[in-house]
Amino acid sequence: MSLASRTRLAAVLTALTVGAAGVTTWAYGYGTTSEPAAPGEAPRPSVTQGTVLQVVAHPDDDLFFMNPDLSRSISTGIKVTTVYLTAGEADGHNEAHGAHLQDPVVPADHAAYAEARQNGIRAAYAQMTTGDRTSAWQRRSIPTAGGGSAEVDVLVARPEVNLVWMQLREAGSISGDNPNSLRGLWDGRVPALGAQVSSRTPVKPGFSYNKDQVVEALAGIFAMYRPTTIRTQDPTPGRTRIGGNFVDHQDHIYGARFVQAAAERYAKSTDRPHFSVQNYMSYPNTALPPALDPQAAAEKLGYLKTYAWTDHQNWCGSPAGCGDRKTATRPTGAGWNRTIRYSRGDASSWMTEGTSDRLWAFAVLDGRMAHWTRSGPKAPWQGPEFLAGTGMDTGATAVRLPDGRVGVFGTRTTLGATPKAYKRELVYCVQAAPDGAFGPWLSLGTPETDDVTGTSAISAPAVALDGTGRMTVYVRDSRRTLRASTQSAPDGAFGAWASLGGSGLQGDPVTATDKAGRRHVYAATAQSVLAWVQHAPDAPFGAPVPTRLPATTGPLSARAQGDGVALYFRRPGTGTVATSLATADGPVPKFSPLTEVGGQGGYGSVGVAGDLLAGRAGTGTAGVSDADGGPSWYESQMYYTGAPAALAPQDGPPVGAVLGLDAGLHVTTPPRGASKLRSSHPPTAPWYPAVPPPEDVPEREPESPASPAERP
């Protein structure tokens with residue numbers, strides 16, 4: 001790209017990405033900021049900060065699978081951008097599936113249908129942002145670092161809301177073999193994938209991308225918007241047991257892999273903020289209980305109806321149509337308006353205590369495992385610092401060894417130079433000495449010995465220690481059963497993956513040990529929860545035991561309590577948190593009647609420690625409640641990503657932690673006095689940045705999506 005071209009592009013991008021008046025973007029991953037606290041004052045409470053960027057395969061994947069996270073992010077006023085990889089042109093008919101077969105004279109018009117979907121998306125975003133679906137957009141064509149062009153739409157009333165259309169061809173089939181697709185390009189079956197530009201787009205047709213150019217184009221868009229949170233779909237959702245078909249759309253899967261590759265490339269740049277990645281479940285939501293409360297589901301459906309153009313009024317004046325009439329026949333999808341789920345990063349066990357009073361919190365930033373630490377209740381948090389190695393997937397599991405050392409477990413993806421080199425594996429590393437440096441990452445491999453297609457749907461690991469200090473790792477495999485690997489001795493090698501049975505497992509398994517030393521492992525199914533409980537300390541597990549607990553929305557949390565282990569989970573259709581105490585007096589555990597805790601609404605995991613329950617309140621913000629039965633969420637002003645964690649140190653109050661949309665750690669402790677939590681009108685919860693952002697960091701202009709070689 002010539003210097004003149006770069007100058008023109010920089011001017012375009014500056015116009016496109018400058019936010020609303022009064023909004024300052026800081027270089028260290030913090031978005032809109034408040035005045036820093038004066039010396040000696042307590043830090044100011046956390047508010048939602050950062051920059052969010054979604055990348056989806058098709059227009060509507062964001063509305064179906066990322067809401068209400070999407071609409072709530074927009075409501076905060078932070079910069080929110082969505083990138084659409086394909087044009088979503090389908091069969092070129094803007095009508096119910098197969099309707100054109102009744103009138104075969106109607107010709108297909110792929111460009112027009114792609115435009116109709118764009119019109120519907122713009123309307124839905126305008127409604128989410130301003131309440132007016134007709135709110136105006138500024139549309140421009142920009143060059144991409146991959147050598148093609150993309151359309152960038154900026155909402156005039158709220159210029160921090162952007163849409164980016166890459167307009168590549170879609171596969172046109174969930175699992176069908178179409179080489180001219182993202183899947184075919186990733187696997188090397190076609191040298192390049194062409195564009196399907198929409199009608200009336202400012203982008204000129206006639207360009208295509210090879211595999212590396214798609215990666216470079218996306219990495220350039222990341223450099224342009226500098227996200228602190230990247231949202232994408234699931235690159236490894238697995239296959240069906242019978243037939244071996246994908247359980248998700250191939251464009252979702254391979255689009256997410258291109259995002260992985262682009263994020264890995266973008267992470268190598270140095271002039272950027274830290275960022276986290278959140279993966280979302282798509283089609284597999286169909287078979288699972290609804291996760292949203294009625295109010296959130298209705299709001300989500302309203303935006304989908306706007307996109308689907310259900311009133312069929314030609315408010316946009318386009319011959320192509322003002323929305324997606326295919327969706328209009330079923331705007332709820334397959335119940336997708338009632339749910340939202342993360343496919344990774346839903347485990348709440350990422351914080352632990354090492355030596356006395358020293359806390360450790362772990363999260364994946366920039367594809368590397370980061371950690372923050374605090375040496376005592378009154379000591380400041382330090383971090384993030386990074387362990388060696390890249391390719392880490394979202395999510396972490398932290399454990400304390402008997403001598404006070406800390407170990408951290410996760411999964412790692414290797415992209416590889418060839419399609420067959422793509423793989424996932426479980427990895428861990430342990431401190432060499434208490435409070436010391438961490439050793440190298442060690443591989444546990446994977447229970448997926450026949451995963452030749454790289455669609456491993458393994459869960460995050462759950463980890464337990466026996467009386468001698470040996471660690472056992474539990475993981476859900478792609479066949480939805482439970483597997484385990486145990487050390488031969490403390491600090492010894494892990495053995496082969498044993499099968500513990502079960503069927504239809506969902507989400508991540510959880511484990512806890514009761515005061516008698518008996519280990520409990522639990523995993524949710526679509527209908528209930530399965531249990532593996534030792535009849536005596538270190539005894540082998542038998543077959544999984546049905547708990548007869550009701551269906552959950554998926555994520556479980558477990559903690560030792562009294563004579564047993566307390567389970568916490570969300571109730572389908574309400575989002576209320578329920579708890580039941582499991583006791584193991586015999587071969588079959590007994591469960592106490594369910595108790596409702598927290599308030600109505602919310603979704604995702606909860607973190608539990610002492611009397612502190614941390615999770616999403618009904619509004620979606622980070623909240624706390626009384627783990628012993630408080631009636632209300634004690635809410636904050638901050639949205640976060642992934643799962644909360646909670647920990648009760650040996651000396652000091654319980655601590656809750658979340659990873660904010662700014663890629664920073666935010667913490668809280670429960671208010672003094674349980675009566676405050678049980679108040680019918682609780683005040684705002686005091687969440688604070690664990691490490692406040694640096695002061696006096698100058699504002700910088702957004703980077704243009706030039707290639708790395710062209711960047712100064």
Side-chain angles (χ1 to χ4, degrees), residues 347-364 369-389 395-410 426-442 444 460-474 485-494 510-520 537-538 557-561 565 607-610 612 645-657 665 667 669 690-691:
S348 58
S349 53
W350 46 272
M351 187 163 59
T352 192
E353 185 174 22
T355 55
S356 180
D357 293 334
R358 180 175 285 277
L359 304 188
W360 296 82
F362 296 86
V364 175
M369 186 65 73
H371 63 79
W372 295 259
T373 185
R374 189 197 77 178
S375 60
K378 297 183 179 180
W381 285 87
Q382 304 290 330
E385 296 184 8
F386 290 85
L387 304 184
T397 300
V399 295
R400 181 189 187 277
L401 302 183
D403 61 1
R405 288 179 298 150
V406 169
V408 58
F409 291 72
L426 291 128
V427 294
Y428 75 104
C429 67
V430 178
Q431 287 178 314
D435 295 340
F438 284 85
W441 287 104
L442 302 174
L444 293 172
V463 184
L465 277 71
D466 66 13
T468 69
R470 294 187 309 162
M471 292 185 286
T472 297
V473 178
Y474 302 95
S485 177
T486 302
Q487 285 181 306
S488 57
D491 289 329
F494 281 82
V510 295
T511 184
T513 302
D514 64 27
K515 71 177 184 180
R518 293 174 295 222
R519 193 177 310 161
H520 297 228
D538 299 332
S557 298
R559 66 163 179 169
Q561 179 177 307
V565 168
V608 188
L612 174 66
L647 182 69
Q650 297 180 40
D651 184 15
V655 177
L665 182 71
V667 296
T669 55
V691 181

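Put simply, the side chain of M369 does not reach to within 4.5 Å of the side chain of P384, judged on heavy atoms. At least one side-chain heavy atom of F494 sits less than 4.5 Å from a side-chain heavy atom of V473. A heavy-atom distance below 4.5 Å is not found between the side chains of Y474 and V463. In this structure the side chain of W381 reaches within 4.5 angstrom of the side chain of L665, judged on heavy atoms. Counting heavy atoms from C-beta on, the side chains of L401 and L465 come closer than 4.5 Å. The closest side-chain heavy-atom distance from Q382 to V691 is not below 4.5 Å. Residues L387 and C429 are in side-chain contact: their nearest non-hydrogen atoms beyond the backbone lie under 4.5 Å apart. Contact check for F409 versus M471: side-chain heavy atoms found under the 4.5 Å cut-off.
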- Steps toward side chain to side chain contact (heavy atoms under 4.5 Å, CB included) verdict (W360, W372): CA-CA 6 Å; W360 296 82; W372 295 259; over 6 Å; no
- Kindly indicate, with the supporting measurements, whether the criterion side chain to side chain contact (heavy atoms under 4.5 Å, CB included) is fulfilled by T373 and R358. CA-CA 7 Å; T373 185; R358 180 175 285 277; 3.1 Å; yes
- Query: So V655 and L359, side chain to side chain contact (heavy atoms under 4.5 Å, CB included) or not? Walk me through it.
  - Reply: CA-CA 9 Å; V655 177; L359 304 188; 3.9 Å; yes
- Item | Stepwise side chain to side chain contact (heavy atoms under 4.5 Å, CB included) check, V608 with Q561 | CA-CA 11 Å; V608 188; Q561 179 177 307; over 6 Å; no
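For the atom pair OG of S348 and CG of L647, the computed distance is 11.0 Å after rounding to the nearest 0.5 Å. Atom NE2 of H371 and atom OG1 of T352 lie 14.0 Å apart (nearest 0.5 Å).
Residues G607 and A646 approach most closely at C-CB, 3.5 Å, considering heavy atoms. Of all heavy-atom pairs spanning P537 and A516, the tightest one is CG-O, 3.1 Å. Here the shortest heavy-atom pairing between G656 and L612 reads N-CD2, 3.4 Å. Residues A396 and W350 approach most closely at O-CB, 3.4 Å, considering heavy atoms. For the residue pair P434 and D403, the shortest heavy atom distance occurs at CG-O, 3.3 Å. V667 and A690 make their closest contact through CG1-CB, 4.1 Å (heavy atoms, listed as atom of the first residue, atom of the second, distance).
Using bins of under 30°, 30° to 60° and over 60° for the plane-to-plane angle, the ring pair F438/F362 lands in the perpendicular bin.
At least one donor-acceptor pair closer than 3.5 Å links the side chain of R470 to the backbone N or O of Q487. The main-chain N or O of G354 is found under 3.5 Å from a side-chain atom of R400 such that the two form a donor-acceptor pair. A side-chain donor-acceptor contact under 3.5 Å links T397 to the backbone of P461. Checked by atom type and distance alone, the side chain of E353 pairs as donor or acceptor with a backbone atom of D357 at under 3.5 Å. Put simply, the side chain of Q431 gets close to the backbone of G436: a donor and an acceptor are under 3.5 Å apart.
Between D491 and R405 a salt bridge is recorded (basic side-chain N to carboxylate O distance below 4.0 Å).
When the options T513, D514, T511 are evaluated for a side-chain hydrogen bond (donor to acceptor under 3.5 Å, both in side chains) with H520, the one that passes is D514.
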